[in-house]
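Below is one structure, written out as structure tokens; the observations come after it.
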Amino acid sequence: MIGHKSKIEKTINVAPPISSLREVQERASGLVPPQAWDWLEGGSEYEVTIAANRSGFSKVFPVQRVLRDVSNLDASLSFLGESLSFPLIAAPLGGLTQYHLDGEIALAAGCHRAGSIASIGAMARLRMEEVRDANPNAPIIYQAYLQGPTEWLEEQVERANSINVKALCICADAPTRFVRYRDRDNRYDARRFGRMTNSRPPSHEAGKKANWDLITLFRQLTEKPIILKGIMCVEDAVRAVDAGVDYLWVSNHGGRVMDSGVASIEMLPLIRRAVGKEAKIIFDGGVRCGSDMFKAIALGADLVAIGRQIVYGLAVDGAAGVERIFELYKEEFESVMAACGVTGLSQITPQLLQLRPSAAEMLDMC
């Protein structure tokens with residue numbers, strides 16, 4: 001009809017909701033260009049460290065226990081002044097606008113909806129101020145890289161303070177560029193793809209000069225809790241505690257830096273034993289499901305972080321997809337808690353893990 005003003009209909013998302021952590025990876029792989037998928041999934045050189053991160057979880061197994069009342073299960077905890085319903089946050093991620101136009105904005109929104117915390121950093125595609133403007137109440141951890149002069153580091157921290165981040169995370173495990181065969185063979189430079197408003201770190205060479213004096217510098221620049229990420233040996237863990245770091249982050253950068261390294265999960269109990277019960281530990285590396293989370297908590301982690309799975313959810317359904325990832329991990333994690341007969345995080349101890357007996361040991365038991 002002439003002169004009739006029709007309503008503008010909202011776009012209807014006809015895609016089915018994400019059903020499982022396995023399905024979201026399959027769906028994301030079909031949506032993302034092959035080279036960008038390789039950039040996300042790949043690691044350094046022959047990706048031995050990535051494989052180690054996954055296989056490390058297959059060395060221990062939860063102990064199934066029955067007839068224990070788990071009707072009042074509570075996996076909640078307090079972290080950086082925030083109440084989390086279970087011990088999972090988003091690890092720092094780069095290049096997110098390759099997978100969704102809103103990148104870090106959608107990441108922070110999804111994590112906030114899920115009642116968790118997003119980590120963004122110097123390698124983010126979108127400026128931290130944009131992320132804050134779009135998500136004024138979302139709790140955010142800022143990850144500082146060390147690829148620049150002191151003046152640039154100071155600027156990073158000043159900007160992070162200005163948007164009121166919950167903590168400052170120092171990424172210490174990437175002193176230089178590492179060789180990733182997939183990206184070289186694909187002739188793929190991720191920096192050329194996806195929307196970008198953030199400026200790149202000025203000098204990777206500066207990262208080679210980083211030393212422990214930087215902990216003192218960052219302490220002078222912020223009153224926020226300091227997290228040191230990339231702890232993969234007992235010596236560094238002890239030194240970090242002695243330096244007054246608030247949280248240790250046990251991580252091998254998801255296998256994206258040094259290849260042929262040990263799994264993060266293999267180092268976790270050694271580091272916990274070295275620093276004692278009072279030190280606070282965040283853990284990442286190969287956590288693909290709720291049972292992996294359970295194992296990490298049992299072996300000494302206070303909190304677990306995930307990376308690639310967050311991107312799967314982002315690619316499939318933006319902020320809602322990120323939120324859904326947290327829902328699925330929570331469902332799986334709490335089901336393992338129930339199967340093991342525990343109702344709170346403090347009950348998840350190494351005694352709830354077991355080793356698989358060898359064939360010879362099984363025969364000896366008969």
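Positions are given from 1 along the sequence.
- A salt bridge links Arg54 with Asp292: at least one charged nitrogen is closer than 4.0 Å to a carboxylate oxygen.
- A donor-acceptor contact closer than 3.5 angstrom is absent between the side chains of Gln35 and Gln98.
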task: Begin with the C-alpha distance, continue with both residues' side-chain angles, and end with the deciding distance and a verdict on side chain to side chain contact (heavy atoms under 4.5 Å, CB included) for Met232 and Ile271.
output: CA-CA 8 Å; Met232 280 296 291; Ile271 289 171; 5.8 Å; no

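- Side chain of Thr49 to main chain of Ser260: a donor-acceptor pair is present (N/O by atom type, distance under 3.5 Å, no hydrogens or angles).
- Judged purely by atom type and a 3.5 angstrom limit, Arg219 has no side-chain atom pairing as donor or acceptor with the backbone of Leu217.
- Formation of a donor-acceptor pair under 3.5 Å by the Arg68 side chain with backbone atoms of Gly341 is not found in this model.
- Using a 4.5 Å heavy-atom cutoff, the side chains of Trp249 and Pro92 are in contact.
- Taking all atoms of both residues into account, the shortest heavy-atom contact from Phe333 to Ile348 is CZ-CD1, 3.9 Å.
- Between Arg125 and Glu104 there is no salt bridge, since no side-chain nitrogen of the basic residue lies less than 4.0 Å from a carboxylate oxygen of the acidic one.
- By the 6.0 Å contact criterion, CD on Glu331 is open, its count of non-hydrogen atoms from other residues, nucleotides or ligands being 12 or less.
- For the pair Thr343 (side chain) and Val70 (backbone), a donor-acceptor distance under 3.5 Å is absent.
- For Lys330 (side chain) and Ser85 (main-chain N/O), no donor-acceptor pair under 3.5 Å exists by modelled atom type.
- Counting heavy atoms from C-beta outward, Val287 and Phe57 have side chains that approach closer than 4.5 Å.
- Salt-bridge annotation for Arg239 and Glu235: absent, with no side-chain N of the basic residue lying under 4.0 Å from a carboxylate O of the acidic one.
- Taking the six-membered ring for Trp and the full ring otherwise, Tyr312 and Trp37 have centroids separated by under 6.0 Å.
- The side-chain heavy atoms of Phe79 and Asp302, taken from C-beta on, include no pair separated by under 4.5 Å.
- Between the side chain of Asn252 and the main chain of Met258, no donor-acceptor pair closer than 3.5 Å is present.
- Counting all heavy atoms, side chain and backbone alike, Gly254 lies closest to Arg308 at O-NH2, 3.1 Å.
- Using a 3.5 Å distance cut-off with no hydrogens or angles, the side chains of Tyr145 and Gln156 do not pair a donor with an acceptor.
- Checked by atom type and distance alone, the side chain of Glu332 pairs as donor or acceptor with a backbone atom of Gly290 at under 3.5 Å.
- The only member of Arg127, Glu129, Glu130 that meets side chain to side chain donor-acceptor pair (under 3.5 Å) when paired with Thr197 is Glu130.
- The two residues Asn53 and Gly255 make their nearest non-hydrogen contact at ND2-N, 4.0 Å.
- Rounded to the nearest 0.5 angstrom, Leu80 CG and Ile227 CD1 are separated by 5.5 Å.
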message: ring pair (Phe, Tyr, Trp, His ring centres under 6.0 Å) for Tyr329 and Phe86? Distances and angles first, verdict last.
response: CA-CA 9 Å; Tyr329 268 95; Phe86 76 126; 7.6 Å; no

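- For the pair Leu314 and Leu93, the minimum side-chain heavy-atom distance is 4.5 Å or more.
- For the atom pair CG (Leu345) and CG (Leu73), the distance works out to 9.0 Å, reported to the nearest 0.5 Å.
- In Met365, the CE atom is crowded: over 12 heavy atoms of neighbouring residues, nucleotides or ligands sit closer than 6.0 Å.
- A donor-acceptor pair is defined here as one N or O able to donate and one able to accept, closer than 3.5 Å; such a pair exists between the side chain of Gln354 and the backbone of Pro62.
- Listed for the Asp236 side chain is no donor-acceptor partner under 3.5 Å among the backbone atoms of Gly230.
- Among all heavy-atom pairs drawn from Asp38 and Arg182, the shortest one is OD1-NH1, 2.9 Å.
- Between Arg324 and Glu327, at least one side-chain N (NZ, or NE/NH1/NH2) sits under 4.0 Å from a carboxylate O, which counts as a salt bridge.
- Of the possible donor and acceptor atoms, none in the side chain of Glu266 sits under 3.5 Å from a partner among the backbone N and O of Val262.
- Transitive grouping of hydrophobic side chains (ILVMFWY, heavy atoms separated by less than 4.5 Å) keeps Trp39 and Phe178 in distinct clusters.
- Between Met123 and Pro201, the closest side-chain pair of non-hydrogen atoms falls below 4.5 Å.
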field: Verdict with supporting geometry, Cys111 and Ile89, side chain to side chain contact (heavy atoms under 4.5 Å, CB included)
entry: CA-CA 8 Å; Cys111 290; Ile89 63 171; over 6 Å; no

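- Under the 3.5 Å distance criterion, with hydrogens and angles disregarded, a donor-acceptor pair is assigned to the side chains of Asp284 and Ser251.
- Counted within 6.0 Å of CD on Glu158, heavy atoms from surrounding residues, nucleotides or ligands total 12 or fewer; the atom is thus considered open.
- The hydrophobic clustering, which links ILVMFWY residues whose side-chain heavy atoms are closer than 4.5 Å, places Ile226 and Ile281 together.
- The list of ring-ring contact (aromatic ring centres under 6.0 Å, His included) pairs with a residue in residues 257-296, not counting sequence neighbours, is empty.
- The two residues Asp259 and Glu47 make their nearest non-hydrogen contact at OD2-N, 3.1 Å.
- Under the 4.5 Å side-chain heavy-atom criterion for Ile, Leu, Val, Met, Phe, Trp and Tyr, Ile310 and Ile282 are members of the same hydrophobic cluster.
- In this structure, Arg65 places its CZ atom where more than 12 heavy-atom neighbours from other residues, nucleotides or ligands lie under 6.0 Å away.
- The closest side-chain heavy-atom distance from Ile170 to Ile215 is below 4.5 Å.
- When the side chains of ILVMFWY residues are joined at heavy-atom separations under 4.5 Å, either directly or via intervening members, Met196 and Leu107 end up in two distinct hydrophobic clusters.
- Annotation: Asn211, atom CG; neighbour count of heavy atoms from other residues, nucleotides and ligands within 6.0 Å is above 12.
- For Ala315 against Val32, the heavy-atom pair with the smallest separation is CB-CG2, 4.0 Å.
- Within a 6.0 Å radius of OH in Tyr46, no more than 12 heavy atoms belonging to other residues, nucleotides or ligands are found.
- The shortest side-chain heavy-atom distance between Arg27 and Pro16 falls under the 4.5 Å cut-off.
- One hydrophobic cluster holds both Leu268 and Leu355 under the rule that ILVMFWY side chains link at heavy-atom gaps under 4.5 Å.
- Stacking of Lys295 on the aromatic ring of Phe61 is recorded, both the 6.0 Å distance cut-off and the 45° axial limit being met.
- Side-chain atoms of Arg288 and Arg22, non-hydrogen and from C-beta on, never get closer than 4.5 Å to each other.
- Remark: Cys289 SG to Leu328 CG distance equals 12.0 Å, nearest 0.5 Å.
- With rounding to the nearest 0.5 Å, the separation of CZ in Arg159 from CE in Met128 is 4.0 Å.
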